[in-house]
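In this chain, residues are counted from 1 in sequence order.
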Amino acid sequence: VGCLALLGIGLAPLLALQALMAWILLANAMTMGLRLVALFARVKSGRRVIGGDTARLADYKKLPCVSILVPLLREEKVAQKLMEGLAALDYPAALLDIKLVLEEDDTVTRAAIERMGLAANMEIISVPADGLRTKPRAMNYALPFCRGEIVGVYDAEDRPEVSQIRVVVEHLRDAPPDVACVQGYLDFYNSDRNWLARCFTLEYAIWFRVILMGVQRLRLPIPLGGTTVFFRRRVLDEIGAWDAHNVTEDADLGMRLARFGYRCEMIPTTTMEEANFRALPWIKQRSRWLKGYAITWATHMRDPRQLLRDLGARGFLGFQVLFLGALTSYLSLPLFWLLWLGTAGLDFAFWETFPAGLRLAFFASMALGQVVMLTIAYIAAQDSGRRGLWPWVFALPFYWPLGAVAAYRAIAEVFYAPFYWHKTEHGIAPAKTEDGT
């Protein structure tokens, strides 16, 4: 397909550009359709909250053991806050099985943890060195050491709500057997750091509090987040746990669960994280995520007919929108900006060669897409309790181009560094939380 595309560009560049625009418009329309469904679902269902006693219902039943995997690499700066957050979880300590997963040569993080002392329910798992060093490989190594019937994942900088484990247990207890995992919300405790952190916070609110709710309502496969996600242990064993080579192992796992006939559900409990507020580290982190999306798409599309049989027509279409649509949106941003300049009156001769209908569709899609996204951002900010971010909703159109830079870097890395994991540094001048810590 790539060779044919290059041949088409060489023989008929204007026709190839028009075909590219048609694909972009189709992908944008499907993505916008998903966002509209998510928006309508949010308006119809209202804001999701947890009642004050919901997390305590499990007190009247026998509680299961819950294992928590915390992969760490050079995280000495946030080790103390991490340990404090894990110790604060409101769940019987004897039923919490916490595995701190370290690379064997990460002596700095190990020393920081050992200076604080390990609680009785915590254990360090040392992962042997290998040519491959990824988070999913470390978790696969540590999984056999877990003794819980529920297995959760936290990141080093996470600060989960104290009642979170009880909420997870209660939800999985009441859910049907085909619900294999639950995904909580993610938010940031340093969103007031700068404009990038504020836009990042809005993006997360859009994704976790609105978009994924629409995905769930449509019963599409949910691309999971890398933290605050909890699985039934038996299902993890059944599907072979994580893909050690995928740098967005979470999103891939959500698709494989769906292919095995399982579902994931969102639960209204929040974990606070540290927003990546510096441009270059942000681009590196986002390029890793988008590279993983590209690899996930390519992996599952090796046999499209089997994927269609596994997911059904609706799931197959949703898979294309979530992965190929996301990549298309970022990669097409430079072209959108260029054609917008043509629409605004800048003299581009090729723009006049486009059919009038295609130009009208482009303009309508661009305008309506921005209105839908900004509306969702406004509602997501409200749902996350961050009305102070409302003025920053209008900064998002200037935030997305960073994603385009990350997308082109990601596609390049697919060819020369497909399994390289860009490590995100944590503990960079964290902001104070609401309680002043």
Side-chain angles (χ1 to χ4, degrees), residues 65-83 85-86 96-158 181 224-253 256 284-285 287-289 291-292 295-296 299 413-414 416-427:
C65 178
V66 178
S67 292
I68 298 177
L69 293 173
V70 190
L72 303 170
L73 180 62
R74 302 191 301 274
E75 301 289 5
E76 66 277 5
K77 294 180 181 178
V78 296
Q80 181 176 350
K81 288 293 185 182
L82 169 67
M83 301 290 278
L86 294 173
L96 264 184
D97 172 40
I98 300 173
K99 307 298 185 186
L100 306 175
V101 187
L102 277 66
E103 298 292 335
E104 68 173 357
D105 60 353
D106 188 6
T107 57
V108 176
T109 305
R110 176 185 287 270
I113 291 173
E114 290 179 344
R115 279 196 301 270
M116 290 177 282
L118 288 173
N121 61 351
M122 296 182 182
E123 178 186 5
I124 293 177
I125 302 295
S126 184
V127 182
D130 189 81
L132 181 68
R133 176 176 287 194
T134 63
K135 174 182 173 181
R137 174 184 176 266
M139 292 192 295
N140 282 341
Y141 182 84
L143 184 60
F145 297 95
C146 295
R147 57 185 180 87
E149 59 186 83
I150 296 173
V151 177
V153 180
Y154 284 136
D155 283 338
E157 79 278 20
D158 285 357
C181 74
L224 300 171
T227 179
T228 315
V229 58
F230 295 82
F231 305 90
R232 299 188 196 272
R233 167 65 183 273
R234 59 174 177 78
V235 176
L236 272 181
D237 291 335
E238 176 186 348
I239 69 173
W242 294 273
D243 178 357
H245 290 79
N246 196 315
V247 293
T248 51
E249 78 296 333
D250 39 15
D252 168 76
L253 191 57
R256 282 196 289 121
K284 289 181 178 180
Q285 183 186 63
S287 70
R288 171 167 59 84
W289 295 351
K291 177 172 64 175
I295 291 174
T296 298
T299 299
E413 286 190 1
V414 166
Y416 73 84
F419 313 129
Y420 179 72
W421 189 284
H422 287 291
K423 173 74 174 68
T424 302
E425 187 178 0
H426 302 125

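- Ion pair D106/R110 not flagged as a salt bridge, since none of the NZ, NE, NH1 or NH2 atoms sits closer than 4.0 Å to an Asp/Glu carboxylate oxygen.
- With values rounded to the nearest 0.5 angstrom, C65 atom SG is found 9.5 Å from I150 atom CD1.
- Closest approach of A142 and L69 over heavy atoms only: CB-CD2, 3.8 Å.
- Because its NZ or CZ atom is both nearer than 6.0 Å to the ring centre of W421 and within 45° of the ring axis, R288 counts as a cation-pi partner of that residue.
- Between the side chains of D105 and T107, no donor-acceptor pair of N or O atoms lies under 3.5 Å.
- Inter-residue side-chain proximity for I295 and P418 is flagged as met; some heavy-atom pair is nearer than 4.5 Å.
- The two residues S287 and H422 come nearest to each other via the heavy atoms OG-CD2, 3.8 Å.
- Residues satisfying the salt bridge (charged side-chain N to carboxylate O under 4.0 Å, His left out) criterion with E123, sequence neighbours excluded, are K99.
- Looking at heavy atoms from C-beta onward, V229 lies out of side-chain contact with D250 at the 4.5 angstrom threshold.
- Between G148 and V151, the closest heavy-atom pair is O-CG2, 4.2 Å.
- Using a 4.5 Å heavy-atom threshold, the side chains of L86 and Y154 count as touching.
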Run the numbers on L82 and L72 for side-chain contact (heavy atoms from CB on, under 4.5 Å), then give the verdict.
-> CA-CA 11 Å; L82 169 67; L72 303 170; 3.8 Å; yes
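- The two atoms that bring E76 and A112 nearest to each other are CB-CB, 4.0 Å, heavy atoms only.
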side-chain contact (heavy atoms from CB on, under 4.5 Å) between I125 and L100: does it pass, once the steps are laid out?
-> CA-CA 6 Å; I125 302 295; L100 306 175; over 6 Å; no
In sequence, state the C-alpha distance, the side-chain angles, and the governing distance for F231 and I239, and then conclude on side-chain contact (heavy atoms from CB on, under 4.5 Å).
-> CA-CA 12 Å; F231 305 90; I239 69 173; over 6 Å; no
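- Of all non-hydrogen atoms in A79 and I113, the two that sit nearest each other are CB-CG1, 4.4 Å.
- Not a single donor-acceptor pair under 3.5 Å links the side chain of D97 to the backbone N or O of C146.
- Judged purely by distance below 3.5 Å, without hydrogens or angles, the side chains of S126 and E104 never pair a donor atom with an acceptor atom.
- Ion pair R256/D243 not flagged as a salt bridge, since none of the NZ, NE, NH1 or NH2 atoms sits closer than 4.0 Å to an Asp/Glu carboxylate oxygen.
- Taking both residues in full, the closest heavy atoms of V153 and P71 are given as CG1-CD, 4.4 Å, listed atom of the first, atom of the second, then distance.
- For the residue pair T296 and N246, a side-chain donor N or O sits within less than 3.5 Å of a side-chain acceptor on the partner.
- Take R232 and apply the side chain to side chain donor-acceptor pair (under 3.5 Å) test, not counting sequence neighbours, and it matches no residue.
- For D158, the side chain to side chain donor-acceptor pair (under 3.5 Å) test picks out T227, with sequence neighbours left out.
- Residue H245 holds its NE2 atom at 12.5 Å from CG of D252, rounded to the nearest 0.5 Å.
- By the 4.5 Å heavy-atom criterion applied to side chains, W242 and L236 are counted as neighbours.
- Residues satisfying the side chain to side chain donor-acceptor pair (under 3.5 Å) criterion with H426, sequence neighbours excluded, are E75, E157.
- Checked against salt bridge (charged side-chain N to carboxylate O under 4.0 Å, His left out), E413 has the following partners two or more places apart in sequence or in another chain: K291, R409.
- In this structure, the side chain to side chain contact (heavy atoms under 4.5 Å, CB included) partners of A119, at least two apart in sequence or on a different chain, are N121, M122.
- Side-chain contact between K135 and V101 is absent, with no heavy-atom pair separated by less than 4.5 Å.
- In terms of modelled atom types and a separation under 3.5 Å, the side chain of T134 and the main chain of R137 share a donor-acceptor contact.
- Side chain of S67 to main chain of R147: a donor-acceptor pair is present (N/O by atom type, distance under 3.5 Å, no hydrogens or angles).
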Show the numbers, then the answer: is there a side-chain contact (heavy atoms from CB on, under 4.5 Å) between L73 and L102?
-> CA-CA 6 Å; L73 180 62; L102 277 66; over 6 Å; no
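- Atom CD of E238 has more than 12 heavy atoms from other residues, nucleotides or ligands within 6.0 Å.
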